[in-house]
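Just so it is clear: chains get the letters A, B, ... in the order the sequence lines come, proteins before strands, and each one is counted from 1.
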Amino acid sequence: MTALTLAGSPLWYASRAGGTLALVLLTATVVLGIASGGRAAPRSVGRFEIGLLHRNLSLLTLVFLVVHVITAVLDPFVHLGWAVTVLPFAASYRPLWLGLGTVALDLLLAVLVTSAARRRLGVRRWKAVHWLAYAAWPFALFHGAGTGTDTRLSPQLWLYAGCLAAVMASVWWRLAKAGPGRVVGRLVAALTATAVPLVLGAFLATGPLQPGWSQRAAATAMLLGGGR
Amino acid sequence: MTSATITGFRLPPAPDAPRLLAGWYATGRPASLSDHLRHYGPSPVSRTIGTRAAMPLPDALETAGLTGRGGAGFPTARKLRTVADGRRRAVVVVNAMESEPASRKDEFLLAVAPHLVLGGAVLAALAVGADTVHVCLPRTRSAQYQQLSAALAERRRARVDAVRLRLHGLPHTYVSSESTSLVRWLDGGPARPRGGPPRIEERGIDRRPTLLHNAETLAHVALVARYGPAWFRQAGTTEEPGTALLTVSGAVGVPGVLEVPLGTPLTTVLDLAGGPTEPLQAVLTGGFAGAWLGAARLHTPLSRRDLAPLGASPGAGVLVALPHSACGLAETARILAYLAAHSARQCGPCHFGLPAVAADFAALAAGRADRVLLDRLRRRTALLPDRGACRHPDGAARLAASALDAFADDVTRHLDDGACPAAHRPPRLAVPPATPPETWR
Amino acid sequence: MNRTRTLRVDRIACTGEGLCAELLPELIGLDEWGYPIVRDRTVPERLRGHARRAVAACPRLALHTDA
């Protein structure tokens, strides 16, 4: 808590809030995407509403991401520079953990552009890029956990746990619903769905939840040679 | 225009003589290139193309009123013009796939007069500015493949063609003869329908304008180019001029391939094929994707105009005579099972609808149906047309609906008393086994 | 500007997701396997917006309106 009060510029608060909200919205988008892919048909809502909500929440995710990124760059405390917003691992501040966020943003931008041009691209290319959105989600999660300003707060931990549980539940639901065929795809999904919570748990236990993480997070900068 | 035209064409043979099969009737053996040239003279390419004296080929074909002989009956001239108008260099495809199991006409024509078909294809290629002609045969007809490679070699040695001719053996499935299937296969894909738009005339093989014609159509093209449209119109009806090749099978004395003028009554055609061997109850017209006509309709002339009101068409020139001793419902059920097995399984209505209709029909034929099933069968049949990338479901629906109509008394009997005795006897029509194709490539 | 628009289903692309029938029930129904039955290809003026939304909602991009 002392760290919070010390780093207390309004921009810094806005950035963290924006990032957290974006993660929650991205989680909801992913869950809805999986639901519509698995032909979820709840009685009370139309299937098209799931699709529309998926689209609208994804756009809202990007809005909060923009807030998150702009405020982080403008914040005088970390001196990030604009290049960091699109170039991963180029930051002076916690390059690895910030870079994961940049990768997630890049992936989401690719999904945004291809979705807007999907009629021109055709369904196969559109969907191929759309699968990147799945990768964006764990990237965003590890970015949040690893950058770690708020990771040690228990509400924040509960939030991460909630996001993880929601996506894992929908992935397993989808796998249970899937028919035969696409064995490789299902295997990859199942392995990833098993690995992500385990890796995240192990990472949190050994990294951000241990004392002195902020020093070590910055130290990875030295390891990567990106620190100045 | 007319005077300039006539001078361009050769002295025509008698109007009532056979046309495509003339050489075969004269010699009784397959025509080599020299036979062909002796009988029909050299290719009329200089007369139709590039000189002002004669009519351009599309105009000649339009005046002749030639339509596609593969089943769809599209005006040949219109296709030619669309392809010729394309910006990129065109390609020509000879469709000799003859996927219709009851048809043998293209196989027969290519066997006895290969150079008539190939020559027609080359003429069409020159007319649309194509540099390549792809000749597509079913892979299963290996003897014909050998024969045609020899014919192509003969043409190469004689240097008669200004375009490249290439022979291909494709998987033989019911829908692999569909025009977009051929284009997809020639582009390296599966021989399954692609659907449209764009049409292959605009964007086909290698995205080039593609002129695809049934083998018989191109043989007619070769003759129109030689003898002119006025000669062509001397046979057939005013609306549907010319002759057509028919494959007559079933309960007739001499089953086989015949050439008759369009508009010939079905009974006359059956008589030309040796006449019925026993009393007939119906004739399947067009092919497996065609329609049953009850014996009372056999006076109908074989033409689109006359058959259309009965829900039928000359189709691919197929006539199958069904005797009274057979069960029309059981035969139709077997054909439907075959058609269902040969769905390309790309479009939902065909993938799920065809097996469902076939199963319903099988239950009806076996006497295991009730009124509910009949209503369901009618509803499902009505939902097939116009809901696929190709016309395969439309054809199956036409067959099923026409069978319910032509064998209406049998339907009632099967519903009330179970399957008729004929349904238990061995089947009379030659229907390939209802197993899905092994390969599409 | 006021050309009539017609609906077209790319039958090979269509996997019977059924969203079009939810958004445009006036023109599109579903068969027993969930594949669209286009009752009327022509899109009336008053349904143009609904047709546009149905086209946009198709996850397989199988529904088209042709001008």
Side-chain angles (χ1 to χ4, degrees), chain B residues 175-176 178-181 183-185 187 189-200 202-203 340 343-360 372-373 375-397 400 440, chain C:
Chain B
V175 293
S176 67
E178 209 267 341
S179 56
T180 58
S181 298
V183 167
R184 237 173 131 181
W185 190 90
D187 267 339
R192 285 165 142 170
R194 179 195 76 182
R199 294 188 301 139
I200 61 161
E202 289 151 16
R203 197 191 290 176
S343 161
R345 290 171 177 72
Q346 298 184 114
C347 311
C350 182
H351 184 178
F352 297 103
L354 248 55
V357 165
D360 285 350
V372 182
L373 184 139
D375 289 341
R376 189 179 68 200
L377 174 59
R378 285 189 201 280
R379 194 188 63 235
R380 285 174 167 175
T381 304
L383 279 180
L384 290 178
D386 214 17
R387 291 180 68 222
C390 72
R391 294 281 165 197
H392 186 56
D394 306 51
W440 293 99
Chain C
M1 275 319 278
N2 230 349
R3 283 175 301 177
T4 49
R5 286 174 193 278
T6 53
L7 291 175
R8 175 170 57 85
V9 179
D10 180 337
R11 293 290 173 180
I12 296 179
C14 174
T15 51
E17 302 289 329
L19 271 65
C20 53
E22 285 185 349
L23 284 161
L24 197 57
E26 294 89 343
L27 302 179
I28 300 177
L30 297 179
D31 66 14
E32 56 188 293
W33 299 282
Y35 291 90
I37 303 167
V38 181
R39 293 198 205 91
D40 191 354
R41 282 178 207 280
T42 332
V43 182
E45 191 68 43
R46 66 190 167 84
L47 293 178
R48 198 169 274 190
H50 293 277
R52 203 177 49 239
R53 276 189 284 279
V55 167
C58 178
R60 308 301 310 171
L61 310 186
L63 186 65
H64 304 266
T65 43
D66 298 328

Listed by chain and number, what are the side-chain contact (heavy atoms from CB on, under 4.5 Å) partners of A359(B), not counting sequence neighbours? none
Polar pairs (donor with acceptor) under 3.5 Å from chain B to chain C:
residue: R380(B); atom: NE; partner: E32(C); partner atom: OE1; Å: 3.4
residue: R380(B); atom: NE; partner: E32(C); partner atom: OE2; Å: 2.7
residue: R380(B); atom: NH2; partner: E32(C); partner atom: OE1; Å: 2.8
residue: D386(B); atom: OD2; partner: R41(C); partner atom: NH2; Å: 2.5
residue: R387(B); atom: NE; partner: P36(C); partner atom: O; Å: 3.2
residue: R387(B); atom: NH1; partner: D31(C); partner atom: OD2; Å: 3.4
residue: R387(B); atom: NH2; partner: D31(C); partner atom: OD2; Å: 3.0
residue: R387(B); atom: NH2; partner: Y35(C); partner atom: O; Å: 3.2
residue: R387(B); atom: NH2; partner: P36(C); partner atom: O; Å: 2.8

Which atom pair, heavy atoms only, marks the closest approach of [X] to [Y]?
{"X": "I12(C)", "Y": "G195(B)", "result": "CD1-N, 4.5 Å"}
{"X": "C390(B)", "Y": "V175(B)", "result": "SG-CG1, 4.3 Å"}
{"X": "P59(C)", "Y": "L19(C)", "result": "CD-CD2, 4.3 Å"}

Hey, what do you get for CD1 (I28(C)) to SG (C20(C)), rounding to the nearest 0.5 Å? 4.0 Å
Only pairs of heavy atoms separated by less than 4.5 Å count here; which of C350(B), P349(B), A356(B), A389(B) has the most with chain C? P349(B)
Between L30(C) and I37(C), is the side chain to side chain contact (heavy atoms under 4.5 Å, CB included) condition met? List the steps. CA-CA 5 Å; L30(C) 297 179; I37(C) 303 167; 6.0 Å; no
